[in-house]
2 protein chains.
Amino acid sequence: MQLMTEGSAAGGGLRERKKRATRAALTEAAVRLAAEHGAERVTVEAISAAAGVSVRTFFNYFDTRDDVFVLTGAETGANVRKALLAAPARLSPMEALREALTAELAEAEQRHELWRLHGEVLRAAPHLLVRVLAAHLADETELAEAVAERIGPGRGAAPPGTSHEERRKALDLYPRVLAAVAVTAVRVSVDHWCARQEERSFREVFQEVFALLAAGLPAPPPA
Amino acid sequence: MQLMTEGSAAGGGLRERKKRATRAALTEAAVRLAAEHGAERVTVEAISAAAGVSVRTFFNYFDTRDDVFVLTGAETGANVRKALLAAPARLSPMEALREALTAELAEAEQRHELWRLHGEVLRAAPHLLVRVLAAHLADETELAEAVAERIGPGRGAAPPGTSHEERRKALDLYPRVLAAVAVTAVRVSVDHWCARQEERSFREVFQEVFALLAAGLPAPPPA
DNA sequence: TCATAAGTTGCATGGTATGCAAACATGCAC
DNA sequence: GTGCATGTTTGCATACCATGCAACTTATGA
């Protein structure tokens with residue numbers, strides 16, 4: 001059995017490898033061109049040409065021009081979900097979320113240069129940043145389902161002293177809120193990390209924001 | 001001095017009233033057409049025709065076709081900011097945020113039918129929902145600034161036992177996180193409220209989600 | 001009333017996005 | 001390897017989205 005040293009993960013047939021290569025070529029071309037000329041001045045035609053495919057093919061891979069700048073595949077969601085379910089049972093849902101997300105983000109940070117360029121592009125194009133964040137938002141429901149699956153049925157959280165009725169309603173809300181907090185942590189981290197130009201590692205910022213959020217948001221000290 | 005019974009708020013000259021009327025006509029036409037035919041099948045031309053203006057004028061009001069479905073004006077941000085700063089000093093930043101947002105959302109709930117239709121449209125068009133969320137995201141920074149202004153300089157929150165250095169860094173983070181939580185509360189509330197079709201009033205849901213978020217997200221009970 | 005500023009419109013232009021059918025490559029069975 | 005079924009790419013036609021510009025219409029304030 002030979003090592004598969006292909007693209008991002010182990011590759012199936014030639015077809016799938018080619019598809020991954022094309023997609024990677026498109027995203028990379030897009031990010032490089034955008035970093036050089038500004039995201040808004042890069043046309044689909046230019047991206048396609050740089051990647052060596054036709055414009056029509058571009059739209060076979062991405063629904064929208066902007067989608068090429070999102071950079072997170074559909075696999076990301078699945079990865080996080082798996083990591084979440086595989087995390088040690090002793091971890092609280094929140095901790096498990098933190099670990100799962102940290103792992104995924106670390107992997108994303110692997111492709112260092114592209115990630116850096118991508119940061120530059122987003123910093124110069126708020127429109128796209130918003131789009132990326134919104135894409136993450138879309139994952140939230142999936143994440144909430146994974147959380148619900150992890151904590152299992154019959155569980156749920158509600159502040160002490162909640163009535164039975166309110167408790168029942170909060171049940172469905174809990175995974176949602178957890179997922180929302182996690183996504184918010186990612187969002188604020190990215191935002192803050194982009195604002196302070198890499199003054200700190202992304203991982204650091206993320207851990208801090210997550211801690212702040214999960215700690216229960218204490219009121220600021222009196223003075 | 002006569003009462004101004006115009007559009008949404010007191011109107012200045014005839015010009016401004018006309019502008020507001022045109023904008024309102026466009027958004028209303030857009031939402032109604034989208035509710036009837038599906039959001040993706042409504043062209044700018046159709047919307048403009050229904051509102052009685054030219055296509056070119058549409059783009060004088062909205063940068064993008066999709067923007068007409070966002071429904072929150074730039075005034076919303078300003079309103080919340082004002083309410084936040086005007087809230088009683090005894091309220092914690094979090095409570096002040098809750099009150100300010102509740103007030104603004106209540107006003108939005110006034111135009112009941114349009115709001116309901118809008119919900120329908122968004123439910124059927126995830127693409128647009130994402131866009132709306134993105135718009136809210138953009139407000140977040142503004143909100144964070146308002147929070148920072150309210151809690152004033154020299155304040156900030158950090159968990160007890162934080163080093164001086166970490167505390168300094170957390171300072172800027174705190175308003176951001178607060179704003180992020182508030183926006184998240186709005187988002188989750190809208191989402192949940194849309195999912196359970198008006199089983200409960202929006203205000204109720206919002207209050208609960210906000211409480212859940214602000215309470216510090218206790219871990220789910222053991223059993 | 002008149003000059004000015006603001007808003008609207010049509011036109012020209014170019015980028016974005018989709019359906020369709022023909023050409024091409026891949027996977028698989030034989 | 002030959003040949004077929006399936007999946008991908010491509011060009012073309014078409015429609016919609018979006019912007020700049022110049023001409024035209026309408027409020028505003030002196």
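Keep in mind it's a predicted model, so treat the numbers as computed, not measured. Chain A is the first sequence line, chain B the second, and so forth, proteins listed ahead of strands; every chain is numbered from 1.
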Once you round it to whole Å, what is the distance between P of C/dG14 and CD of A/E40?
19 Å
D/dA27 phosphate, OP1 or OP2, under 4.0 Å from B/K18 side-chain N/O:
yes
Tell me the interatomic distance from B/D66, atom CG, to C/dT16, atom P, rounded to whole angstroms.
15 Å
The side chain of B/S54 lies closest to which of these nucleotides: C/dT16, C/dT9, C/dT8?
C/dT9
Are OP1 or OP2 of C/dT9 and a side-chain N or O of B/T57 less than 4.0 angstrom apart?
yes
Nucleotide nearest B/V53 (side chain, heavy atoms from C-beta), chosen from C/dT9, D/dT9, D/dC16:
C/dT9
Do the side chain of A/T64 and the main chain of A/D67 share a donor and acceptor less than 3.5 angstrom apart?
no
Looking at the side chain of A/R15, which of D/dT10, D/dT6, C/dT9 is the nearest nucleotide?
D/dT6
Can a donor-acceptor pair be found, under 3.5 Å and without considering hydrogens, that links the side chain of A/R65 to the backbone of A/V42?
yes
Before giving the answer on side-chain contact (heavy atoms from CB on, under 4.5 Å), spell out for A/F210 and A/T102 the whole-Å C-alpha distance, their side-chain angles and the decisive distance to 0.1 Å.
CA-CA 10 Å; A/F210 205 96; A/T102 299; over 6 Å; no
Under the salt bridge (Lys or Arg N to Asp or Glu O under 4.0 Å) test, which residues partner A/E95, sequence neighbours left out?
none
Does CD belonging to A/E40 count more than 12 external heavy atoms closer than 6.0 Å?
yes
In whole angstroms, the gap separating C1' of D/dT14 from CZ of A/F59 amounts to 14 Å
Between the opening five pairs and the closing five pairs of the helix from C/dT1-D/dA30 to C/dC30-D/dG1, how far apart are the helix axes, to 10°?
20°
For B/L33 and D/dC16, give me the distance from atom CG to atom P, rounded to whole Å.
15 Å
Got a second to check how far A/F62's CZ is from A/T57's OG1, nearest 0.5 Å?
12.0 Å
Tell me: CD of B/E45 to P of C/dG10, nearest whole Å?
11 Å
Exactly one of B/E142, B/E145, B/E149 should register a side chain to side chain donor-acceptor pair (under 3.5 Å) with B/R81. Which one does?
B/E149
Side-chain contact check for A/T64: nearest option of C/dA17, D/dT19, D/dT9 is C/dA17
Figure out the CZ/P separation between A/R23 and D/dT8, and round it to whole Å.
12 Å
When rounded to the nearest 0.5 Å, the distance separating NE2 of B/H37 from OG1 of B/T43 is 11.0 Å
Can you tell me how far P of D/dT10 sits from NZ of A/K19, to the nearest Å?
13 Å
Just how far, in rounded Å, is P of D/dG11 from CZ of A/F58?
16 Å
Name the nucleic acid region contacted by A/N60, choosing base, sugar-phosphate or nothing; use a 4.0 angstrom heavy-atom cut-off, strictly under.
base
Does a side-chain N or O from A/R65 land closer than 4.0 Å to OP1 or OP2 of C/dT16, or not?
yes
Phosphate-side-chain proximity, B/Y61 and C/dT8, N/O vs OP1/OP2 below 4.0 Å:
yes
If you check the B/R56 side chain, which of C/dT16, D/dG20, D/dC17 turns out closest?
D/dG20
